[in-house]
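The next block holds one structure in the form of structure tokens; read it before the comments.
All values below were derived from every heavy atom in this structure, side-chain atoms included, with hydrogens, water molecules and symmetry-related copies excluded.
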Amino acid sequence: MLIRIRSRDGLERVTIDNAHITVSHLKTLIQSQLQIPVQNQTLSTNQNLLLAKTPSDLQKFTDMSNPNTSLSSLNISHGSILFLSYEGERCIKGPAVQPSGSFGRKMTMDDLIAKQMRVSRQETPLCDSVSFDRDCADAFQHYVNETLAFAVKRGGFMYGTVSEDKKVEVDFIYEPPQQGTEDVLFFLRDTEEEKMVDAIAAGLGMKKVGFIFTQTIMQNKKDYTLSNSEVLQAVGYHAESGMEEWVTAVVKLEVGEDGSAAIHFEAFQMSDMCVRLFKEGWFEGEIKEGDDPKLSKMKKDVVVGVKDIKEVDNDFFLVVVKILDHQGPLSSTFPIENRITQVTMRALKNHLDRAQSLPLVKRISDFHLLLFLARFLDLNSDIPALTQCVQTQIPVPEGYKLLISSLADTA
């Protein structure tokens, strides 16, 4: 990531690992990359910092005074501009000048090629495979097939684990509030709900590992793997994740010539070049009526093969990932959030009553049930306690048994 730093010397750039580093870490990077000692630095997101004349003026800019504050909490991301005031003098290294004749250095063919953005296929994914928990995959595809009939798009975020040898396992799918049409999927992201989801995942030893969506039955009649809008959405979530193993999965209904239908899962990674182009702002964000859905528009020419073009075949951005399946630690029998039918306390009571012979920890070993309970529990104490029970399969403490039972009894 690049952060732009404006000081009395002009605009300079500092390279950082990610937006989750602290102010203290950023100051250390500024010291190493711009040769300004940490103790001499005052940082702010407010450009008026550069107008400060005295030490007392500088003390008014406190938004980045806490060394433990993370950049992400200040909404600082790739390309953000920060303002820096510092004491003392420094020597700024100027550009190397290599004159060659009165019109400057000549450009060779190698120089021209080096300046171009070349797009080629990436043959090997950065993850070894993706394995789907059978129950969570079935719950997702059953809904889009039986209820939505693949008429509108549906999507979710996949959660699970990544092993040391880059194998991704998906153990549950969270479906955010959303609106789907025949061609477009739009997430109405709920920040508070996603905090609950991430807290539950963390308590279960899991994290967000990918994006899954369906294509509609009408899309299957078109000659593309992913449309331009799907590429934009998928690469956006991939870039947001900061994970090299991030997976994008597509669920589609394929109808054979004999009229038989089969549901297929396909998995991809967006190529490194695709993610880079997105982060650097090369993609044309607006998709107009009449645009070819199998081509992604660029804001300026890129090189594909030997041609300079502004429209790239979407398949250049897709890296196929091997699909496996497994039986994970969670069930997927509790009603799923943000669907047509609202989840109520009656659903909780019915779910608990259906399997009374099982220990309570078994009955609550369902992400969607835990998310429902999270709305009535404390995120910082109750959820970690319950998820620890589920992860280790130890008995649920008596206090939580009574609490869950009393919630169910309000139905």
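Expressed to the nearest 0.5 Å, how far CG of L386 lies from CD1 of I364 amounts to 5.0 Å. The distance from the CG atom of L379 to the CD atom of E192 is 8.5 Å, given to the nearest 0.5 Å. To the nearest 0.5 angstrom, S331 atom OG is 5.5 Å from H351 atom NE2. Here NE2 of H25 is found 8.5 Å from CD1 of I16. Values are rounded to the nearest 0.5 Å. Note: R354 CZ to R363 CZ = 11.5 Å, rounded to the nearest 0.5 Å. Rounded to the nearest 0.5 Å, atoms CG (L330) and CD1 (I200) are 10.5 Å apart.
Within the 3.5 Å criterion, the main-chain N or O of F61 finds no donor-acceptor partner in the side chain of S65. Side-chain N or O atoms of Q31 include one that pairs as donor or acceptor with a backbone N or O of V38 at under 3.5 Å. Counting only distance, with no hydrogens or angles, the side chain of Q393 and the backbone of V390 share a donor-acceptor pair below 3.5 Å. Under the 3.5 Å distance criterion, the side-chain polar atoms of E12 are left unmatched by any main-chain donor or acceptor of L34. Judged by distance alone, the side chain of Q269 and the main-chain N or O of L126 form a donor-acceptor pair under 3.5 Å. Of the possible polar contacts, none joining the D301 side chain to the D308 backbone as a donor-acceptor pair under 3.5 Å is found. With R4 contributing its side chain and G79 its backbone, the two residues share a donor-acceptor pair below 3.5 Å. Listed for the D171 side chain is no donor-acceptor partner under 3.5 Å among the backbone atoms of G328. Side chain of E245 to backbone of V168: no donor-acceptor contact under 3.5 angstrom is found. The backbone N or O of S296 sits less than 3.5 Å from a side-chain atom of N314, completing a donor-acceptor pair.
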Output, in order, the C-alpha distance, side-chain angles, deciding distance and verdict of side chain to side chain donor-acceptor pair (under 3.5 Å) for S72 and H20. CA-CA 5 Å; S72 58; H20 299 299; 3.3 Å; yes
Steps toward side chain to side chain donor-acceptor pair (under 3.5 Å) verdict (S44, N46): CA-CA 5 Å; S44 178; N46 187 338; 5.3 Å; no
Let's go through F317 and F283 carefully: what are the C-alpha distance in whole Å and the side-chain angles of both, what is the deciding distance for ring-ring contact (aromatic ring centres under 6.0 Å, His included) to 0.1 Å, and is it a yes or a no? CA-CA 12 Å; F317 297 135; F283 277 90; 5.5 Å; yes
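Minimum interatomic distance between T216 and A151 (heavy atoms only, all atoms of both residues): CG2-O, 3.5 Å. Heavy atoms only, all atoms of each residue included: V209 and G160 are closest at CG2-N, 3.9 Å. Pairing each heavy atom of V321 with each of P125, the nearest pair is CG2-CB, 4.0 Å. Between I383 and L370, the closest heavy-atom pair is CD1-O, 4.5 Å.
Ring centroid separation for the pair Y237 and F157 comes in under the 6.0 Å cut-off.
Between F211 and F187, the ring planes are perpendicular. Angles over 60° get that label, and only those under 30° would be called parallel. Using a 30° and 60° split on the angle between ring planes, Y174 and F367 fall in the perpendicular class, above 60°.
The pair K294-D313 fails the salt-bridge criterion, with no side-chain N (NZ, NE, NH1 or NH2) lying under 4.0 Å from an Asp/Glu carboxylate O. Contact check on K297 versus E286 returns no salt bridge, with no Lys/Arg side-chain nitrogen under 4.0 Å from an Asp/Glu carboxylate oxygen. With respect to the salt-bridge test (charged N to carboxylate O, under 4.0 angstrom), the residues R276 and D272 do not qualify. Looking at K252 and E230, no side-chain N of the basic residue comes within less than 4.0 Å of a carboxylate O on the acidic one, giving no salt bridge. Between E244 and K166 there is a salt bridge, with a side-chain nitrogen of the basic residue lying less than 4.0 Å from a carboxylate oxygen of the acidic one.
Summarising the local packing, NZ of K362 is surrounded by 12 or fewer heavy atoms from other residues, nucleotides or ligands at distances under 6.0 Å.
Relative to the six-membered ring of Y86, R8 meets both conditions, a distance below 6.0 Å and an angle of at most 45° to the axis. Annotation: cation-pi pair R154/Y143 absent, no NZ/CZ under 6.0 Å from the ring centroid and within 45° of its normal.
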